[in-house]
K.L.:
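Pasting a structure below so you can have a look.
Treat the numbers as computed from the prediction; the structure is a model and nothing was measured. What you see below is based on every heavy atom in this structure, not just the backbone, and it leaves out hydrogens, waters and symmetry mates. In what follows, chains carry the letters A, B, and so on, assigned in the order in which the sequence lines appear, proteins first and then strands, with residues in each chain numbered from 1.
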Number of protein chains: 2
Amino acid sequence: MEITLDRLAQKFNIHRSTVSRALSGITGVSPELRDKIIKEAEEMNYQPHAIGRALATKKTNTIGLIVPCVWNPLCGEIIHHLEVYAHLKYFNVMLSVTGYDETEEINALRTLMYRQVDAVLILTNYEFGKDKLFLEFKESSIPFVVIGYSAPANINYVAVDRETGVNMAVEHLTNLGHKRIASVGLIMKSYDHKFIGYKKALEKEGLEIRNDFIVTCEASFETGYNSAKKILKLTPCPTAVFAASDVIAIGLINGFKEMGVRVPEDIAVVGFDDIEVAAYAGVPLTTIHQPKEEMAKIAIDIVSEYLRCVEEEARVPLVRQNLVEPKLVIRDSCGMKLQQRNIVLQPRLIVRESTGHCRMKDRSE
Amino acid sequence: MEITLDRLAQKFNIHRSTVSRALSGITGVSPELRDKIIKEAEEMNYQPHAIGRALATKKTNTIGLIVPCVWNPLCGEIIHHLEVYAHLKYFNVMLSVTGYDETEEINALRTLMYRQVDAVLILTNYEFGKDKLFLEFKESSIPFVVIGYSAPANINYVAVDRETGVNMAVEHLTNLGHKRIASVGLIMKSYDHKFIGYKKALEKEGLEIRNDFIVTCEASFETGYNSAKKILKLTPCPTAVFAASDVIAIGLINGFKEMGVRVPEDIAVVGFDDIEVAAYAGVPLTTIHQPKEEMAKIAIDIVSEYLRCVEEEARVPLVRQNLVEPKLVIRDSCGMKLQQRNIVLQPRLIVRESTGHCRMKDRSE
DNA sequence: GTGAAAGCGCTAACAA
DNA sequence: TTGTTAGCGCTTTCAC
């Protein structure tokens, strides 16, 4: 038989409310009784019923996490950190994967939002602020934060500064002397910060922006792999390529290899994300590091701080919009093999931080 | 103001139970009223309150998922499939990551178990049946299934046949003529099926089992990488190595490369798991495929079938213990490059299935 | 310091 | 067909 507050109370011929107070550590129970109750509860291995409590308190201590997928290493790593930090703040996490489907995203939101989670986090790597999703959010009163992409003015978000990141990547290539720099996986829309960054970086160097040098594809190993052929068909052939994500970069390098094209000797490749495999991917990948753990921490902080305030009936914090700084991680895929390297069995890592600082904008609703 | 059954009922001056029936599609409401109610509910965008419903029905439609980590691609891929199948069966999933910590596993179990989830799935890659965890499970009345490792007689599980898998891997190596086959990442315990498989496979071939050829390490890219040095120090040097997981194999290959040792020319490597990156890892990895999606499907089927039975008050199914068959996936890392290969931009895949069938043992409690 | 009572939102058995 | 009632397990306000 399940053990409940009432059953515990019966043991001592007292009322369940007293037991509740004793176990919640609320003042107003005699120390002796309190200790007896606690002891007995432990002995009987009493566990408060989360659902009952949630109904009474209107708090579930659960945050909903909507993600496009989990198999993708970038998502996997971010989800990992989110869960760990959530756990530290005593939140459970409810996971919902949408398969990059906008309708599914809305469904997930509905399911989670309607009062079974205290907050929702949404991981997305593309434009956010699309009307439906956005409206759905605003109708609810629970806090939410977008992770991975910037959002409209009145929505919390934490994301890397993509434009700066891409700029660093392209600059690295131009510094190495590259003039014909193609890209794979960019989305040719004004809302794609990576696309903007790519264009601006080339413009700054006075390099021509050629549409045929912009090969679009989704983010996966396979699409990257298949893009290799497209890149090699270009005339004149690019000497370097910026891949919009590491999975693409890794696939690409494999594709090149398959066609007898060496990286970095024949063509240089920079990635974006710095997923863990990047260091172990055939040719260790030079890439732009996303501070995933930091982003996760910030996201969890935002919701837990918000929730703390409503609990204490304090003024709720302003919308927080965090752009965190990327870093350039130099490995082998762009041909920085010029220096002598000791044969030390550790993944080589030269980190070059961007000059900017972590920017944080606070705006009022 | 939140919209509830009562508030909906007020609109028509009827009782909330009628509204409840109408919306649940339960017979016993006049068609006209029913339609009016449904229409109004949709208009007001009514969403049933999951917590209230859960308290009343003692069902949360949520399954708890306890995993050691999510950043690891093997875990990530399995979690992905689990979530997708759970979703298909209308389950939410509550995720709990334990960081390979047994105490955390028990905590997670407690948190989830005590009536906020209908079932729990536990993903583990090591021995299961450890007293504490096991007892904790048995005290609860909710169904659970272990994924990835076989469990004691009265516990559901679904796992690959690891012993067979390792046997296939080692056999592949011996077929290629290898005699000195080291291993990395095995656990030298009687409960490690991979270890058993490795030993048996060598014995079968009449090969010596050398303790120094068994290099232990945890499953990560980094530990694999660091193990390369250890392998190369052995005398006589092995000509092939079996890595207990793909992440180890990938790290290992990078370590070898770093030290100027070529794979497969100088040394052959087989992995285990067939994670997605395996096909794109510098040298495409020959490995043992775990049917992750199939395993996920079986796991979800087990719990949803169980839950269906208790709901219908039918006899609950017997314990299901599924060992699914691994497959040998031949790529490049063992030197099967003998045949001419067309330059076709697709990851090469030669799948060799094990001769056995998917075994399923049903046992009574 | 402790008990009684109400109520969170819903479902389900029973009456009408 | 519809309403009434009770109750899921807990918290919390108000009496005592």
K.L.:
Round to a whole Å and report the spacing from NE2 of A/H15 to P of D/dG9.
P.N.:
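About 15 Å, once rounded to whole Å.
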K.L.:
What pairs meet the salt bridge (charged side-chain N to carboxylate O under 4.0 Å, His left out) rule with one or both residues in residues 12-21 of chain A, with sequence neighbours excluded?
P.N.:
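Of all non-adjacent pairs touching residues 12-21 of chain A, those that pass salt bridge (charged side-chain N to carboxylate O under 4.0 Å, His left out) are A/D6-A/R16.
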K.L.:
Nearest 0.5 angstrom please: B/Y46 OH to B/L23 CG, how far?
P.N.:
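Going from the OH atom of B/Y46 to the CG atom of B/L23 covers 6.5 Å.
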K.L.:
Starting from the 5' end of DNA chain D, give me the residue, A/S17 or B/S30, whose nearest nucleotide shows up first.
P.N.:
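Closest to the 5' end, via its nearest nucleotide, is B/S30.
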K.L.:
Residues two or more places apart in sequence or in another chain: which of them pass salt bridge (charged side-chain N to carboxylate O under 4.0 Å, His left out) with B/E104?
P.N.:
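B/E104 satisfies salt bridge (charged side-chain N to carboxylate O under 4.0 Å, His left out) with no residue once adjacent residues are dropped.
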K.L.:
Side chains of residues 59-69 of chain A: which donor-acceptor pairs under 3.5 Å do they make with residues two or more places apart or in other chains?
P.N.:
{"residue": "A/K59", "atom": "NZ", "partner": "A/E311", "partner atom": "OE1", "Å": "3.4"}
{"residue": "A/K59", "atom": "NZ", "partner": "A/E311", "partner atom": "OE2", "Å": "3.3"}
{"residue": "A/T60", "atom": "OG1", "partner": "A/T62", "partner atom": "N", "Å": "3.3"}
{"residue": "A/T60", "atom": "OG1", "partner": "A/Q116", "partner atom": "O", "Å": "3.2"}
{"residue": "A/T60", "atom": "OG1", "partner": "A/D118", "partner atom": "OD1", "Å": "3.2"}
{"residue": "A/T62", "atom": "OG1", "partner": "A/T60", "partner atom": "O", "Å": "3.1"}

K.L.:
Could you list the residues that satisfy salt bridge (charged side-chain N to carboxylate O under 4.0 Å, His left out) with B/K58, not counting sequence neighbours?
P.N.:
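With sequence neighbours excluded, B/K58 shows a salt bridge (charged side-chain N to carboxylate O under 4.0 Å, His left out) to no residue whatsoever.
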K.L.:
Nearest whole angstrom, please: distance from the P of D/dT1 to the NZ of B/K36.
P.N.:
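From B/K36 NZ to D/dT1 P: 15 Å.
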K.L.:
Please enumerate all residues that pass side-chain contact (heavy atoms from CB on, under 4.5 Å) together with B/Q47, with sequence neighbours excluded.
P.N.:
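Partners of B/Q47 by the side-chain contact (heavy atoms from CB on, under 4.5 Å) criterion, ordered by chain and then number, come out as A/R110, A/Y114, B/N45.
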K.L.:
Please write out each protein N/O paired with an N/O of nucleotides 7-9 of chain C under 3.5 Å, distance rounded to 0.1 Å.
P.N.:
{"residue": "C/dC8", "atom": "O3'", "partner": "A/K58", "partner atom": "NZ", "Å": "3.1"}
{"residue": "C/dC8", "atom": "O2", "partner": "A/L55", "partner atom": "O", "Å": "3.2"}
{"residue": "C/dC8", "atom": "O2", "partner": "A/A56", "partner atom": "N", "Å": "3.2"}
{"residue": "C/dG9", "atom": "OP1", "partner": "A/K58", "partner atom": "NZ", "Å": "3.1"}
{"residue": "C/dG9", "atom": "N2", "partner": "B/G52", "partner atom": "O", "Å": "3.0"}

K.L.:
Quick one: salt bridge (charged side-chain N to carboxylate O under 4.0 Å, His left out) partners of A/E32, sequence neighbours excluded?
P.N.:
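Testing A/E32 for salt bridge (charged side-chain N to carboxylate O under 4.0 Å, His left out), a comparison that skips the adjacent residues, returns none.
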K.L.:
What residues form a salt bridge (charged side-chain N to carboxylate O under 4.0 Å, His left out) with B/D35, not counting sequence neighbours?
P.N.:
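With neighbours one apart ignored, the set is empty.
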K.L.:
Taking only heavy atoms on the protein side, list every residue of residues 18-26 of chain A lying under 4.0 Å from any atom of DNA chain C, sorted numerically.
P.N.:
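Nucleic-acid contacts, sorted: A/T18, A/R21.
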K.L.:
Just how far, in rounded Å, is C1' of D/dT11 from NZ of A/K59?
P.N.:
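Atom NZ in A/K59 sits about 12 Å away from atom C1' in D/dT11.
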K.L.:
Applying side-chain hydrogen bond (donor to acceptor under 3.5 Å, both in side chains), can you list everything that pairs with B/E305, at least two apart in sequence or on another chain?
P.N.:
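Checked B/E305 against side-chain hydrogen bond (donor to acceptor under 3.5 Å, both in side chains); matches are B/R308.
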K.L.:
Sequence neighbours left out, what pairs pass salt bridge (charged side-chain N to carboxylate O under 4.0 Å, His left out) with at least one residue falling in residues 75-84 of chain A?
P.N.:
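Listed by first then second residue: A/E77-A/K292.
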K.L.:
Have a look at the helix from C/dG1-D/dC16 to C/dA16-D/dT1 and give the angle its two end axes make, five pairs each, rounded to 10 degrees.
P.N.:
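Taking five pairs per end, the axes differ by 50°.
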